[in-house]
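Note sheet for the following structure.
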Protein chains: 2
Amino acid sequence: MTGVKVKAGSAAVIDRTDTRIMAVLQAEGRIANVELARRVNLSPSPCLERVRRLEAAGLIRSYGAKLDAAALGYGTSAFIQVTLDRTTADVFDRFRDAVVLIDAVAECHMVAGGFDYLLKLRLKDMEAYREVLASIVDLPGVAQTHTYVVIEAIKHDSGLPLKA
Amino acid sequence: MTGVKVKAGSAAVIDRTDTRIMAVLQAEGRIANVELARRVNLSPSPCLERVRRLEAAGLIRSYGAKLDAAALGYGTSAFIQVTLDRTTADVFDRFRDAVVLIDAVAECHMVAGGFDYLLKLRLKDMEAYREVLASIVDLPGVAQTHTYVVIEAIKHDSGLPLKA
DNA sequence: GCTTTTGCCGCATAAAATTCGGGGAATGAC
DNA sequence: GTCATTCCCCGAATTTTATGCGGCAAAAGC
């Protein structure tokens, strides 16, 4: 054991092939390893090894099916801007802990510029919206909200623009 | 051929098992069919058949790997509200056609209430933001924009809340 | 130039996917 | 109530895929 390779943090080397693998998996998560290997010009064994490494390194977090929200009854979405009544750490913390528990809240981002949080809601209908809004207004620290209902989704989450 | 079952559109019957399958696949898209079958108390064959049916029906749109955006250099995101200079159909159309071509635009929603479009951007850094903003301001019909930079993502897209 | 390291290939084995035929329970006709 | 039909499910057989293991060749280090 002469020299131990010390890697700074997770600084694993990601080459062009890894990027292509991720690009393919991002679009076709359930593709067979054999086919994936073919796409990136590799034999199955090293290809699978790379996938495992990317997973272990956390670059590939997980895999998931993308479902048709509208067909499953979640055809409506909306964004809500939330302003808290004070900008102290505990107010933020309590809001965060509470907001993530609401199922209808698909995303929650703390933002700079005019208000404090921007939430994305996933709803069955407007009826559901009313109920959810009530829950949100009741969350700790909420001073005011402003809603923008999505009329049409022009572009859905398209994944990272990895250069193939 | 005595009676032809007339199904209204894609009104296939989705039972509890189908829902559970989708719930599992939403969280673990690359799970083996054998294991999925075990989870939903079914043998592999009918389980696979159900998955295929759900895919064919479009309820399962696709599968995809969820990548670590920050680790891949896309650690910054921002929302941009866009107001168009006129609300005529051709102005909207031209904007839509152009905005989807910008890689940095991860999502684009037409919204009701105050402005016209809400975009979600995925960026490498603030430097990149400047360039992207310039592109967006130059899009056809754009009258004004307002940006909200995400400081912290409290909750990411969590998928549909299917009751398991 | 030699040694070490790294990464790939190809084979062999185990596991999974996929296809088929058959059977049982619920549904509906009479 | 009985019989025919239909719908799903199961389990076995076959084809594909995943996966672990040497061994080789190119690249990097010294």
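What you see below is based on every heavy atom in this structure, not just the backbone, and it leaves out hydrogens, waters and symmetry mates. Proteins get letters first, then strands, A, B, ... in listed order; numbering begins at 1 in each.
- Remark: C1' of dG7(C) and CD1 of Ile21(A) are 12 Å apart, rounded to the nearest angstrom.
- Atom pair Glu49(A):CD and dC8(C):P shows a separation of 7 Å (rounding to whole Å applied).
- Sorted by first and then second residue, the ring-ring contact (aromatic ring centres under 6.0 Å, His included) pairs with a member in residues 58-99 of chain B read His109(A)-Phe79(B), Phe92(B)-Tyr117(B), Phe95(B)-Tyr117(B); sequence neighbours excluded.
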**Q.** Nucleotide-resolved protein contact map, nucleotides 18-30 of chain D, B/S/- at heavy-atom distance under 4.0 Å
**A.** SBB----------
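- The separation between Arg39(A) atom CZ and dT17(D) atom P is 13 Å, rounded to whole Å.
- Between the axis at the start and the axis at the end of the helix from dG1(C)-dC30(D) to dC30(C)-dG1(D) there is an angle of 40°, using five pairs per end and rounding to 10 degrees.
- Arg38(A) has its CZ atom 16 Å from the C1' atom of dC9(C), to the nearest Å.
- Shown for residues 59-66 of chain B: no residue has heavy atoms falling under 4.0 angstrom of DNA chain D.
- Applying the side-chain hydrogen bond (donor to acceptor under 3.5 Å, both in side chains) test to Thr88(A) and every residue at least two apart in sequence or in another chain returns Asp90(A).
- Side-chain contacts under 4.5 Å among hydrophobic residues (ILVMFWY), followed directly or transitively, place Val34(A) with no other residue at all.
- Taking the charged nitrogens against the carboxylate oxygens, Lys163(B) and Asp103(A) have no contact shorter than 4.0 Å, which rules out a salt bridge.
- Distance Asn41(A) CG to dG7(C) C1': 15 Å, rounded to the nearest Å.
- Taking atom CG of Leu42(A) as the reference point, atom C1' of dG10(C) lies 13 Å away to the nearest angstrom.
- Partners of Arg130(B) by side-chain hydrogen bond (donor to acceptor under 3.5 Å, both in side chains), not counting sequence neighbours, listed by chain and number: Glu127(B).
- Checked against side-chain hydrogen bond (donor to acceptor under 3.5 Å, both in side chains), Asp116(B) has no partners two or more places apart in sequence or in another chain.
- Looking at residues two or more places apart in sequence or on another chain, you find a side-chain hydrogen bond (donor to acceptor under 3.5 Å, both in side chains) between Lys120(B) and Glu107(A).
- Shown here is Arg96(B), whose CZ atom has more than 12 heavy atoms of other residues, nucleotides or ligands within 6.0 Å.
- For the side-chain contact (heavy atoms from CB on, under 4.5 Å) test, residues two or more places apart in sequence or in another chain that qualify with Asp15(A) are Thr17(A), Asp18(A), Arg50(A).
- Counting only residues at least two apart or on different chains, the side-chain hydrogen bond (donor to acceptor under 3.5 Å, both in side chains) pairs with a member in residues 26-35 of chain B are Glu28(B)-Arg39(B), Glu35(B)-Arg38(B), Glu35(B)-Arg39(B).
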Donor-acceptor pairs under 3.5 Å, side chain of residues 143-150 of chain B to any protein atom, not counting sequence neighbours: which ones?
residue, atom, partner, partner atom, Å
Thr147(B), OG1, Tyr129(B), OH, 2.5

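- Within 4.0 Å of Arg50(B), counting heavy atoms only, lie sugar-phosphate atoms of the nucleic acid but no base atom.
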